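Step one of this worksheet: look at the structure below.
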2 protein chains.
Amino acid sequence: MDDVRSRTTLEDVARVAGVSRATASRAVRGGELVSPVALEAVRRAVEQLGYVPNPAARSLVTRQTDTLAVVVPEDDARVFSDPFIAQAIGGVAEALAHTPKQLVLLMRARGQENDRLLPYLRGGHVDGIVVLSHHRDDHLERELAALHLPLAFIGRPLEPQLAVPYVDVDNVAGGRLAAEHLLAAGARRLATISGPLDMPAAVDRITGWSEALAEAGVTEVARYEGDFTLVRGEELGARLLAEHPEVDGVFAANDLTAAGVLHAARAAGRSVPRTLRLVGYDDTQLGLTTHPQLTSITNPGRDLARRATRMVLDQLAGQPAPPPIIITPVLVERASG
Amino acid sequence: MDDVRSRTTLEDVARVAGVSRATASRAVRGGELVSPVALEAVRRAVEQLGYVPNPAARSLVTRQTDTLAVVVPEDDARVFSDPFIAQAIGGVAEALAHTPKQLVLLMRARGQENDRLLPYLRGGHVDGIVVLSHHRDDHLERELAALHLPLAFIGRPLEPQLAVPYVDVDNVAGGRLAAEHLLAAGARRLATISGPLDMPAAVDRITGWSEALAEAGVTEVARYEGDFTLVRGEELGARLLAEHPEVDGVFAANDLTAAGVLHAARAAGRSVPRTLRLVGYDDTQLGLTTHPQLTSITNPGRDLARRATRMVLDQLAGQPAPPPIIITPVLVERASG
DNA sequence: CTGAAAGCGCTTACAG
DNA sequence: CTGAAAGCGCTTACAG
């Protein structure tokens, strides 16, 4: 029977195998301290009965759920439209592929706060947590640190004093790279469409960008705060080109925003990169499908996620909270700037 | 304490509230058959202790997990790049937002089979299942029907005799719409880049397309089997334009494929829609961000998913398996064809 | 290596 | 409306 409702229990297996429940339990879990004969008998009984352990019963005693949560405090529309987020989730899935852990993706329901997320996590449904795309106001560091579960952030947490483990790319360096590249290409009337300033990645990229411009003695033509979406990138791109037609170089906070700017540029009759140089961020697949292809700064979501997941797995194995890992980005030059 | 490790139990709550564990349990679950006084006392104790019920213990007796699975037998790269899949998952999330159920997304790990999925589902981790993007070879209908869990497919199942509940769009009608539209626009040298033919949606679209062409007495110039991805759409689009430059109308099996064809057309110096008319499928956001925007057939993923989820929820509430729901698509005309 | 027994933290008839 | 008791299906010292 595959029927979940009338499940066979360990008791049944033990009876059929002619051993005690304790021995059956040991055998089912791999055979530590079990004689070859008993092991084989149990194996046969499991096979014959189609036995599958009841995870609730097991969790109740082991206090382990074999489940790891990926928390993305964004609504599904964002989660499923941002290639960086997609890469990162894929990276977690990959890191978990050879473990018995299942990935559970937790995001915000449309228009809802995080108030469904936290009770779920507090409820003890998961053994560990990887967080990405966190914002200042969600106070996720504090809320999650208080759970005392193995935890890792992708992207610098906003409250460093909590010493939450994390992996990140050096976004200040990334912002610098964008500025230096546009300056080296001869652009002097520079503008940026940033990410949402309640996110550390957005803030850091702006910081590096501003520092590099200041050092070069160049003043920004304009700066707009975007939200890492294509639609907003297009809106702000259009506004930028209307209000500051003299602009000759744009740093878009991510590839999605850059793709929006590209649309706006086409609509405004601007030629990229001839009269407008454009640099994106994240170096995603998206940048290969635009025309022209996007010059972009690397932000290896898959790799970051793999490392963050390993951090969680290591803590689960009893290791102490690891120090942060910071990856240095590089600029990948393509046609847009 | 928020600490998950040293959790307070119902026992503690009962003691502090001065009632029995049974009464505490009733009070915690909403107060049926509990006096106002006891209810209030328990409420206060819960508050004071920060009590959160242990889901494993609860599941063990109720045999409910308050979890609903969305099964997408594709690897993460596909799941996170196809806007139709994204919409559908969002629709499930939306339908669940006002229930106590959590959504668990189960996909295939890269390069793996479904052999991690099934044991998980069999293990009794979830109360119900919504499936989408199924293929012939995964035999998911049979495997999942054998679980006897509330179930619904988005998209016609491949084995109708199992009578699995499902919602679908009339893809045969959709294929017809594409053909009729291109013919009405005057295109006569028609080709299609289909979806993978192990998927019912792909097969049905081709069926409708072929029927309409046959009725009009028009013979296809070429047909290629794609896989619903942009990259493959671009490859096959390039091949089509090279091998059959006379083609003047293309039906791409989804918007992702159509976007790929658009790239190929640009690379080949073809002007859409002037010398090449193009119709996509799914009517996704993507079609609004291409240039020109895509004419497309509607495939309301969000709505389909909401309905499928409701089917599962209804079965969970004891209702019998519902009959299929079939939605009729329409063609949305934009600039591409 | 094995088994009897206790216990994980809940819910749910049942008797009152 | 309330509480004592049984039981959900496992794991894990413990004694042998």
Side-chain angles (χ1 to χ4, degrees), chain A residues 1 3-43 45-46 49-67 100 119 122-125 127, chain B residues 1 3-43 45-46 49-67 100 119 122-125 127:
Chain A
M1 280 306 102
D3 194 325
V4 176
R5 276 56 143 40
S6 62
R7 281 257 281 302
T8 56
T9 69
L10 194 56
E11 188 71 56
D12 303 322
V13 172
R15 192 171 352 94
V16 170
V19 300
S20 72
R21 209 158 74 237
T23 298
S25 173
R26 294 185 199 104
V28 164
R29 277 167 303 128
E32 287 263 302
L33 298 186
V34 181
S35 67
V37 185
L39 189 61
E40 182 50 28
V42 171
R43 228 191 266 298
V46 165
L49 299 172
Y51 170 72
V52 181
N54 178 321
R58 181 175 276 181
S59 287
L60 187 54
V61 21
T62 62
R63 292 157 182 293
Q64 288 274 317
T65 61
D66 276 349
T67 297
R122 258 196 284 274
H125 283 94
D127 295 338
Chain B
M1 279 308 99
D3 194 326
V4 175
R5 276 56 143 38
S6 61
R7 280 259 280 304
T8 57
T9 71
L10 195 56
E11 188 71 56
D12 302 321
V13 172
R15 192 173 349 95
V16 170
V19 300
S20 72
R21 209 160 74 235
T23 298
S25 173
R26 294 186 199 104
V28 165
R29 276 168 303 128
E32 287 262 302
L33 298 186
V34 182
S35 69
V37 185
L39 189 59
E40 182 51 29
V42 171
R43 226 190 266 298
V46 165
L49 299 172
Y51 171 71
V52 181
N54 179 320
R58 182 174 274 180
S59 288
L60 186 54
V61 22
T62 62
R63 292 158 183 295
Q64 289 274 314
T65 61
D66 276 350
T67 297
R122 258 196 284 272
H125 283 93
D127 296 338

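Note that this is a predicted model, so its numbers are computed, not measured.
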Map B/Ala57 and B/Val37 onto DNA chain D by nearest heavy atom, then report which one ends up closer to the 5' terminus. B/Val37
Salt bridge (charged side-chain N to carboxylate O under 4.0 Å, His left out) against A/Arg15, all qualifying residues, sequence neighbours excluded: A/Asp12
Contacts of type side-chain hydrogen bond (donor to acceptor under 3.5 Å, both in side chains), residue B/Thr67, not counting sequence neighbours: none
Using atom C1' of each nucleotide, how far apart are D/dG16 and D/dT12 to the nearest Å? 16 Å
So what does B/Ala56 touch, heavy atoms closer than 4.0 Å: a base, only the sugar-phosphate, or nothing? nothing
By nearest-heavy-atom nucleotide on DNA chain D, the more 5' of A/Thr62 and B/Leu33 is B/Leu33
Under a 4.0 Å heavy-atom criterion, DNA chain C is touched by chain B from C/dG9 to C/dA13
Applying side-chain hydrogen bond (donor to acceptor under 3.5 Å, both in side chains), can you list everything that pairs with A/Asp66, at least two apart in sequence or on another chain? A/Lys101
Side chains of A/Asn54 and A/Thr9: does their closest heavy-atom pair fall under 4.5 Å? no
Dot-bracket for DNA chain C, please. Rules: Watson-Crick or G-U, both distances under 3.5 Å, ( ) within the strand, [ ] when a pair crosses earlier ones, | for another strand, . otherwise. |||.||||||||.|||
Contact list for DNA chain D against residues 10-24 of chain A - heavy-atom distance below 4.0 Å: A/Leu10, A/Arg21, A/Ala22
All side-chain hydrogen bond (donor to acceptor under 3.5 Å, both in side chains) counterparts of B/Arg43, not counting sequence neighbours: none
Sequence neighbours left out, what passes side-chain contact (heavy atoms from CB on, under 4.5 Å) with B/Val52? Give chain and number order. A/Arg122, B/Arg7
I'd like to check the side-chain contact (heavy atoms from CB on, under 4.5 Å) partners of A/Val16; sequence neighbours left out, ordered by chain and number. A/Ala45, A/Gln48, A/Leu49
Please, which pairs that meet salt bridge (charged side-chain N to carboxylate O under 4.0 Å, His left out) have at least one residue in residues 27-40 of chain B, sequence neighbours excluded? B/Glu40-B/Arg44
With sequence neighbours left out, what residues match B/Arg21 under side-chain contact (heavy atoms from CB on, under 4.5 Å)? B/Leu10, B/Glu11
Taking D/dC1 as the reference, what is the distance to D/dA5 when you measure between their P atoms (whole Å, please)? 24 Å
I'd like to check the side-chain hydrogen bond (donor to acceptor under 3.5 Å, both in side chains) partners of B/Ser35; sequence neighbours left out, ordered by chain and number. none
Which heavy atom of A/Gly123 sits nearest a heavy atom of B/Pro55, and at what distance? O-CD, 2.6 Å
